[in-house]
Amino acid sequence: MRSIETTEKQLEKAVLAGLAASSMDEKDRSCEETMEELEELVKTAGAQPVGMLLQNRPTPDPGTFLGDGKVEELREYAEYNQCDLAVFDNELSPSQMRVLEERLGIRVLDRTGLILDIFAQRARTREGQLQVELAQYQYLLPRLTGMWTHLVRQTAGGGKSPVGTRGPGETQLETDRRHIRRKIQKLEEELEDVRKIRANQRRSREKNNTPVVCLVGYTNAGKSTLLNQLTGAEIPANDRLFDTLDTTTRKRKIGPSQEIMISDTVGFIRHLPTTLVEAFKATLEELEFADVIVNVIDISNPDWPDQAEVVEDLLRQLQVEKTPCIRAFNKCDKYLGILPHGEDTVCISAKTGEGIDQLIDAIRQQLERNAVTVTLQIPYSDAGVVEQISAVTAIQETSYENDGIYIRTVIDRDRVRQFKKYIPGYTEPKEEWEL
C-alpha cells in the first residue's frame, strides 16, 4: 500500500485499487501509469486520493476481485485513513461491487462509474447532458440485479410471503428496469433530434463548400487551448482531465478566399466506457464527415506513444481511420528531446503559438490533395454563376475576354462535375468497372 501525498483541501477521501492479472487482456490490466491516471481522475471528480494499492495475481477473484487478503488490507487502510470511497481502476461486476462495499464498509466505484460521474459534472449544453444521462442509464441497466437483490415483491414483506399476501405484483427490479428502458428510449429519441439538427448544419456547410477540421486527442492534450490559438474562441482551458465535453466549432481563414470550420471533440482515455462511445456518437459522428483530423498529442507526457495509440484505436472503432490525419505534437516547448518529424507531422505549442503556421500549412496541403486547378470559361449570358463559383471554390485569377469570363480556380474533385459545362474539353471520368 502506497500513500499519496497531497496538499489539497481535504474533501472526500478515496483509496485507489487496481489489478494486473495475467489472465486479463494486457490493455485491461492496471499498471503504474493507469493508476496515476486514476489518481488524476479522482482529483478531477472532486475527491482526495490518499492511498494506492496495485495487486498482481493470476486471475481476478470472482467474489472480491482482489482476493480476501488484499481486500482486508484495503479495509484496514481505508478505516485508518477515514476514507469515504474506494475507487477501482478496473471494471467491476455488480456482484463484486456489492461484496466489496459490504467488506470495506464504504462506497465503491469502478473506473467507468468514476468517468461517468466526471462527465455528469462537466456537461454544460443540453446535448452533452443528454449524452451523459443516456450513458449513465445504459451503465446502470445491467447492474440493477446486483443492486436490488435485497428487495422482494412489493406485495409481501419477505421471501416467504404469508398466506393471502402473495399476488401478481411486480418486483422493484422489474419496475426499475422498465422505467430505465423508457428513459433510454426517450433519450435516444432526443439525441436523434440533435443528429438531425447537426445533419442540417453539415448540409449548410457542404453547400458553402466549407471544409471541416476536427481536433481529437487524449484528454488534457491541449485541444481547447489549440482551438483558442487557432480561432480566438476563448474557451476555458484548464489543466485537468475531461475539461471539455461539449463540441465547439469555430471558423478560421487559411487563405485569401479559403475558410475552414474547426471542431473540438471530447478527449479520449484508456478504457473509455463503451456506453460513452455509443452515447457520444452524436458528437463524435462529426469525425465521419471531417475533411481532415488533427490528432493532438501531448509530447511532454512520457506516456504519449500509448496515449496516441489509444486515440488511433478509437478512431478505428469509429471507422474514420482513412480520413486524412495530421499528428500535432503539442507542448513542444516543454520537451527537451529530439522532436518528431516527417510527413503529416508538426510540432506546436498551443500555449505560445509556436508551430501554428506550420499546422495551418499542413491542413491546407491536406485539403489541396483532394483539389484540382481548372479554368472555367463562362459566357456572359451565364454571368450569374460567377457568384456561386466564388462561394464554393478558391478563385485564383479572373479575366474578362470577348468570348466570356475566364476563371482559374481551385475546386474539390467532387465538385468538378457541378461546373463541367464551363470546362473546355471536359470528359467524364471513367468508373472503375470501365477501366
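Just so you know, residue 1 is the first one in the sequence shown, and it goes up from there.
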Minimum heavy-atom distance between Y77 and V50, given as atom pair plus value: OH-O, 2.8 Å

Evaluate the criterion side-chain hydrogen bond (donor to acceptor under 3.5 Å, both in side chains) for residue pair D361 and Q365; output intermediate values, then yes/no. CA-CA 6 Å; D361 286 341; Q365 289 168 20; 5.7 Å; no

salt_bridge(E102, R75) N-O dist < 4.0 Å: no

Would you find a donor on one side and an acceptor on the other, under 3.5 Å apart, between the side chain of S23 and the backbone of P58? yes

Separation of K351 NZ from T225 OG1 (nearest 0.5 Å): 8.5 Å

Are the side chains of I348 and Q358 in contact, using a 4.5 Å heavy-atom criterion? no

Determine, step by step, whether Y218 and E37 satisfy the side-chain contact (heavy atoms from CB on, under 4.5 Å) criterion, reporting the C-alpha distance in whole Å, the side-chain angles of both residues, the deciding distance to 0.1 Å, and the verdict. CA-CA 12 Å; Y218 208 77; E37 190 171 82; 2.5 Å; yes

Does the side chain of L66 come within less than 4.5 Å of F88's, by heavy atoms? yes

Closest non-hydrogen atoms of I106 and A86, given as atom of the first, atom of the second and distance, are CD1-N, 3.8 Å

Minimum side-chain heavy-atom gap I363-I326 below 4.5 Å: yes

Contact summary for Q366 and P324, nearest pair of heavy atoms: OE1-CB, 3.3 Å

Is the number of heavy atoms from other residues, nucleotides or ligands under 6.0 Å of E192 CD greater than 12? yes

Look up atom CG in L230 and atom CG in L359, then write down how far apart they are to the nearest 0.5 Å. 6.0 Å

What are the two closest non-hydrogen atoms of N90 and M24, and how far apart are they? ND2-CE, 3.6 Å

Heavy-atom side-chain contact between I360 and R252 under 4.5 Å: yes

What heavy-atom pair brings A221 and N330 nearest, and what distance separates the two atoms? O-ND2, 2.9 Å

Rounded at 0.5 Å granularity, tell me how far CG in L215 sits from CG in L227. 6.0 Å

Would a 4.5 Å heavy-atom cut-off, applied to side chains only, mark E133 and Y137 as touching? yes

Do E33 and Q307 have side-chain heavy atoms sitting under 4.5 Å apart? no

Take D110 and Y139 through the test side-chain hydrogen bond (donor to acceptor under 3.5 Å, both in side chains) and record every step on the way to the result. CA-CA 11 Å; D110 61 8; Y139 174 75; 2.7 Å; yes

Is there a side-chain contact (heavy atoms from CB on, under 4.5 Å) between V99 and V71 once you walk through the steps? CA-CA 10 Å; V99 169; V71 169; over 6 Å; no

Below 4.5 Å, heavy atoms only, C-beta onward: do K251 and T231 meet side chain to side chain? no

Short side-chain to backbone donor-acceptor contact, N81 and C83, under 3.5 Å: no

Minimum-distance pair of heavy atoms, taken over all atoms of I118 and A45: CG1-CB, 3.8 Å

With rounding to the nearest 0.5 angstrom, report the CD to OG1 distance, E72 to T64. 11.0 Å

In the structure I gave you, are the side-chain heavy atoms of K183 and Q136 within less than 4.5 Å of one another anywhere? no

Check whether any side-chain N or O of T44 sits under 3.5 Å from a backbone N or O of E40 as a donor-acceptor pair, and report yes or no. yes

Under 3.5 Å donor-acceptor, Q96 side chain and D61 backbone: yes

So does V108 get a backbone contact from the side chain of E101, meaning a donor-acceptor N/O pair under 3.5 Å? yes

Could you walk me through whether L287 and T323 pass side-chain contact (heavy atoms from CB on, under 4.5 Å), step by step? CA-CA 9 Å; L287 295 174; T323 302; over 6 Å; no

Are the side chain of Q229 and the backbone N or O of A350 linked by a donor-acceptor pair below 3.5 Å? yes

Applying side-chain contact (heavy atoms from CB on, under 4.5 Å) between I269 and each of T34, V311, T219, N220, report the one that passes. T219

Report the distance from atom CG of L85 to atom CG of L114, rounding to the nearest 0.5 Å. 8.0 Å

Is the backbone N or O of N295 less than 3.5 Å from a side-chain atom of R327, with the two atoms forming a donor-acceptor pair by type? no

CA sep, side-chain torsions, deciding dist, call: L100, L74, side-chain contact (heavy atoms from CB on, under 4.5 Å): CA-CA 10 Å; L100 284 166; L74 197 65; 5.8 Å; no

Strictly below 4.0 Å, N to O, side chains only: are K186 and E189 in salt-bridge contact? no

May I ask you to decide whether K43 forms a salt bridge with E39, counting only side-chain N to carboxylate O separations under 4.0 Å? yes

For residues 214-232, which residue pairs qualify under salt bridge (Lys or Arg N to Asp or Glu O under 4.0 Å), counting only residues two or more places apart or in two chains? none

For the CG atom of L19 and the NZ atom of K70, what is their distance to the nearest 0.5 Å? 11.0 Å

